[in-house]
Visitor: 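Dumping the structure here so I can ask a few things about it.
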Amino acid sequence: MKNLDSKSHVRGESVYLDDIPLIQGTLYACVFDSPVAHGKLNAVDAKEAEQYEGVYKIITAKDLIGENQIGGIIPDEPLLADSEVHFQGMPIAIVLADSEENARKAAKKIAAEIEPLEPVTDPRVAAAKGDLIIPPKKFILGDTENAFATCDHVFAGRTEQNGQEHLYIETQGAYAVPGENGAIKVYSSTQGPTAVQRAVCRVTGLAMHQIEVDVQRLGGGFGGKEDQANAWACICAVATQLTKRPVKYALHRMEDMRMTGKRHPYSSDYKIGLDKDLNIVAYEVTFYQNAGASADLSPPVLERTLFHCTNSYFIPNVTATAYSCRTNLPPNTAFRGFGGPQGMFVIECAIAHAAEKLGVSAAEIQRKNLIFDGEEFPYGQIAESEAITTWTQGDEKYNFAQLQKEADEFNAASKYFKKGVAMMPVCFGISFTKTPMNQARSLVHVYTDGSVAVSTGAVEMGQGVNTKIAQVAAKTFGLPIEKVRVHTTNTQRIANTSPTAASAAADLNGKATQIACETIRTRLLEVAQKLVESASALDLSFADGFVHRNGERTSLDWQTLVMDAHLSRVNLSEHAHYATPGINFDWTTAKGHPFAYHVYGTAVVGVTVDCLRGRYEVDYVKCCHDFGSSMNTEVDYGQIEGGIVQGLGWMTMEEVFYDTDGKLRSNALSTYKVPDIYSVPKEIGILPLETNRENLAVLNSKAVGEPPLMYGIGAYFAIRNAVKAFTDCSPDFDAPFTPEKVLLNLHTL
Ligand code: MTE
Ligand code: MOS
């Protein structure tokens, strides 16, 4: 089934924040943000801006009624700079005007007197100075020190990974509308309506029941709106509080790129030890996460880097240490994979390094060390592994050796074009690693005309979660999907939501919806039992809009039954709660069972490099992917394709570039290149893994939002292999592998 939004999307009828009809008297906000990355803010001169045409008011930190604080996990992030600026793009003042244009022009008239301080942009420099967001985190399994002494081969090295701009098509934004008695309704382009509600309460000093947050859908989030939607919602809400007027702010692309954080860049050290049979015996890794100027979501992102530092492999001795380093960049944040890809990249580099030195293929080491059922992850959870199955089923379908052979033959015959192939296994844990976040609620109404409305905490951002939730309701009631509508995500209907993140939204909210629908279903079947004079409600079921008895359709249709139930005063609404069972994690021991389950997969990636120009094309990404049992292959295949392309972009052409002053140079689409239709793989192959194991996913349909992104990592190593086929070199592990870097490796000066 297609995504329910697909028709309105292609017709341009879907409603995003910027499409909400405006209320008379709406003011437009624009932020004046710091032109430098670090400094003492001595004065703000807004006199000229105040006089500017259409300007209604200018707000600075001292005007706030509540706390000047939006840090969700650690209170280290002022909404508006007061005494110091910590990154270029940090909001300093809010200009309110009668039009977007006047607000933006007036903001340019503001001047700040800033005494420059030395900016830090390198996480290792921050770590050396002890400037950490949180104390270091560590995972230990076995005993690496003694294990390394037993190894036949030990290799050590360093890797660099850059950030990634989210580039959601819809930029950040919010629209705040005043209500009665000081209440405020906030429309926000956010993945976390409750996070917005909490942040707005803090900066306005209002209670949560005075703030309503409503989200229709996002034009993409990718993690960038999990926490970072808060600032814009707070800016609008604060302005509404101070002016009693509706206030809107939809960021321009360049404002968004400059002022918001991105995927975390990491610098890492690794040491890998193998025995003579290529078993990885020991692995030591240290991650330096570039957190940016404040915590934002850096701590849990750092944790997930640790959770995924051994990817799909079983390694008996692991010591993994992670530092979250404070720098003068915009606070970096969640991005599809949430730190997991950064952890996986390093182990893949370590394996590639070992393979290169030992003269074997990386695939041999990868295959040999895949985790088995019953083996332990460094964090204590025991694997229910599909790692080997996805590899072998992928191999049967795609014939990995043959693909390698074709590349080798091509390379033997071609001088200036070289092909490279790499394998990329993926293992990704599903659940928020902070156990209390794994809960959700759903509110289901059956109206007297038989139509069904569902509200949950899930936010639709293109990933199709609303389609899946509607499917769950339709399936439970035996109704066609048209009978079900999923309403906006609204904090008045669903309270205390977890953000739509961790790929877990469909599982959590889908399960809550299933529970709510089943409760109503049971009530309706009891009514039906009397109407069709059945001995037991157990004989009855719903299908095709009718009540069935022992699988045979009766004359009682859904709508008649619903009306009858209502007249008999039966409750046609239900609010249900779901909390993932069986998960736990204890940070004092760094052990537990944090994930409901893992998603596995194996991809093979092939590329062709033009060795005169350094350009490359991705020929194919073919994967065997563990869907459990997909409830919607169209949506899920879309997630795989999109995830792969986003992962490829991160590893190849997307280059976030801050200069040493902390100024973003890749600040527009002219200087930041993302994959377009010409740079997507020529072929994406998706083979669903066939198993029928039980899992905790909704309708057994495993989460799919993030894991496929990590197949894209394979492109990095495929390009590296192609480069090595051209010239005897050993490129540094420095991602992304831009055409420029490829060229420099192909032709050493
Ligand atoms: N797909 C689209 N089209 N747009 C998005 O913003 N975000 C990704 C992924 N797929 C995203 C997407 C991220 S970061 C996550 S965590 C999941 O969707 C969240 O949705 P889910 O929990 O419903 O999978
Ligand atoms: Mo996704 S990075 O968990 O929003």
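Note that ligands are numbered from 1 as they come in the structure, with each ligand's atoms numbered from 1 the same way. Note that this is a predicted model, so its numbers are computed, not measured.
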Visitor: Aromatic contact between Phe222 and Tyr168, with the criterion being ring centroids under 6.0 Å apart: yes or no?
Guide: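 No, they do not, as the ring centres are separated by 6.0 Å or more.
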Visitor: Considering only NZ, NE, NH1 and NH2 on the basic side and carboxylate oxygens on the acidic side, decide whether Asp636 and Lys702 come within less than 4.0 Å.
Guide: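 The answer is no: the pair does not qualify as a salt bridge.
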Visitor: Taking 4.0 angstrom as the limit and counting only heavy atoms of Gly221, give me the atoms of ligand 1 inside it, by number and element.
Guide: 5 (C), 6 (O)
Visitor: Is there a polar contact between ligand 1 and Ala502, counting only N or O atoms under 3.5 Å apart?
Guide: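 Among all N and O atoms of Ala502, none is under 3.5 Å from an N or O of ligand 1.
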Visitor: I'd like to know if Asp676 and Lys673 make a salt bridge, using a cut-off of under 4.0 Å between side-chain N and carboxylate O.
Guide: yes
Visitor: Please identify which atoms of ligand 1 are closer than 4.0 Å to at least one heavy atom of Gly462.
Guide: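 Going through ligand 1 atom by atom, the ones under 4.0 Å from Gly462 are 2 (C), 3 (N).
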Visitor: So is there a nitrogen or oxygen of Ala502 less than 3.5 Å from a nitrogen or oxygen in ligand 2?
Guide: yes
Visitor: Salt-bridge test for Glu170 and Lys225: reply yes if a basic N is under 4.0 Å from a carboxylate O, no otherwise.
Guide: yes
Visitor: Should one rank Gly705, Gly219, Ala506, Ala703 by closest heavy-atom distance to atom 9 (C) of ligand 1, which comes out on top?
Guide: Gly705
Visitor: What is the nearest protein non-hydrogen atom to atom 4 (O) of ligand 2, stated with its residue, atom name and distance?
Guide: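 The closest heavy atom on the protein side is Gln191 NE2, 2.8 Å.
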Visitor: Please confirm whether Ala501 comes under 4.0 Å of ligand 1, counting heavy atoms of the residue only.
Guide: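 In this structure, Ala501 qualifies as a contact of ligand 1 - some heavy atom is under 4.0 Å.
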Visitor: Can an N or O of Val465 be found at a distance shorter than 3.5 Å from an N or O of ligand 1?
Guide: no
Visitor: Please verify whether a non-hydrogen atom of Gly642 lies at under 4.0 Å from ligand 1.
Guide: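 No; Gly642 lies far enough from ligand 1 that no heavy-atom distance drops under 4.0 Å.
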Visitor: Using heavy atoms and a threshold below 4.0 Å, how should the contact between Ala458 and ligand 1 be classified: side chain, backbone, both, or neither?
Guide: neither
Visitor: What's the shortest distance from atom 4 (N) of ligand 1 to any protein heavy atom, and which residue and atom give it?
Guide: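 Answer, as residue, atom name and distance: Met461 O, 2.8 Å.
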Visitor: Is there at least one pair of N or O atoms, one from Gly223 and one from ligand 1, spaced under 3.5 Å apart?
Guide: no
Visitor: Given the side-chain rings of Tyr266 and Phe345, with only the six-membered ring counted for Trp, is the space between their centroids under 6.0 Å?
Guide: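 That pair fails the under 6.0 Å test.
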Visitor: Measure from NZ or CZ of Lys262 to the centre of the six-membered ring of Phe335 and say whether it is under 6.0 Å with the direction within 45° of the ring axis.
Guide: no
Visitor: Nearest non-hydrogen contact with atom 23 (O) of ligand 1 belongs to which option: Gln463, Glu170, Arg217?
Guide: Gln463
Visitor: Among Gln646, Glu226, Arg336, which one has a heavy atom closest to atom 14 (S) of ligand 1?
Guide: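 It is Arg336 whose heavy atom sits nearest to atom 14 (S) of ligand 1.
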Visitor: Is it the side chain, the backbone, both or neither of Glu706 that has a heavy atom closer than 4.0 Å to ligand 1?
Guide: side chain
Visitor: Please work out whether any backbone atom (N, CA, C, O) or any side-chain heavy atom from C-beta onward of Ala501 is under 4.0 Å from ligand 2, and answer side chain, backbone, both or neither.
Guide: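 Answer for Ala501: both.
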Visitor: Give yes or no for whether the N/O distance cutoff of 3.5 Å, strictly under, is met between Gly220 and ligand 1.
Guide: no
Visitor: Side chains of Tyr711 and His625: any donor to acceptor distance under 3.5 Å?
Guide: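 There is such a pair (donor and acceptor under 3.5 Å, judged by atom type) between the side chains of His625 and Tyr711.
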Visitor: Which ligand 2 atoms does Glu226 reach within 4.0 Å, using its non-hydrogen atoms?
Guide: 4 (O)
Visitor: Please report which non-hydrogen protein atom sits nearest to atom 2 (S) of ligand 2, along with the residue it belongs to and the distance in Å to one decimal place.
Guide: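 For atom 2 (S) of ligand 2, the nearest protein heavy atom is Arg336 N, 3.1 Å.
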Visitor: Is there any N or O on Thr500 that sits under 3.5 Å from an N or O of ligand 1?
Guide: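 In this structure, Thr500 places no N or O atom under 3.5 Å from an N or O of ligand 1.
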Visitor: For the NZ atom on Lys682, are there more than 12 heavy atoms of other groups (residues, nucleotides or ligands in this structure) within a distance under 6.0 Å?
Guide: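 Yes, NZ of Lys682 has more than 12 neighbouring heavy atoms, counting only those of other groups under 6.0 Å.
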Visitor: State the atoms of ligand 2, each with its element, that fall below the 4.0 Å cut-off from a heavy-atom position in Phe335.
Guide: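 Answer, ordered by atom number: 2 (S).
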Visitor: Run the numbers for me: atoms of ligand 2, each under 4.0 Å from some heavy atom of Gly223, listed by number.
Guide: 2 (S), 4 (O)
Visitor: Flag the pair Asp19 and Arg217 as a salt bridge only when some basic side-chain nitrogen lies within less than 4.0 angstrom of an acidic carboxylate oxygen.
Guide: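 No, no charged N to carboxylate O under 4.0 Å.
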Visitor: I need the nearest protein heavy-atom contact for atom 1 (Mo) of ligand 2: residue, atom name and distance, please.
Guide: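 The closest heavy atom on the protein side is Glu706 OE2, 3.6 Å.
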Visitor: Considering only NZ, NE, NH1 and NH2 on the basic side and carboxylate oxygens on the acidic side, decide whether Arg693 and Glu384 come within less than 4.0 Å.
Guide: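 A salt bridge is present here (some side-chain N lies under 4.0 Å from a carboxylate O).
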Visitor: Out of Phe585, Tyr379, Phe428, which residue meets the ring-ring contact (aromatic ring centres under 6.0 Å, His included) rule with Phe595?
Guide: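 The option that passes is Tyr379.
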Visitor: Go through the side-chain N and O atoms of Glu212 and Asn490 and say whether any donor and acceptor fall under 3.5 Å apart.
Guide: yes
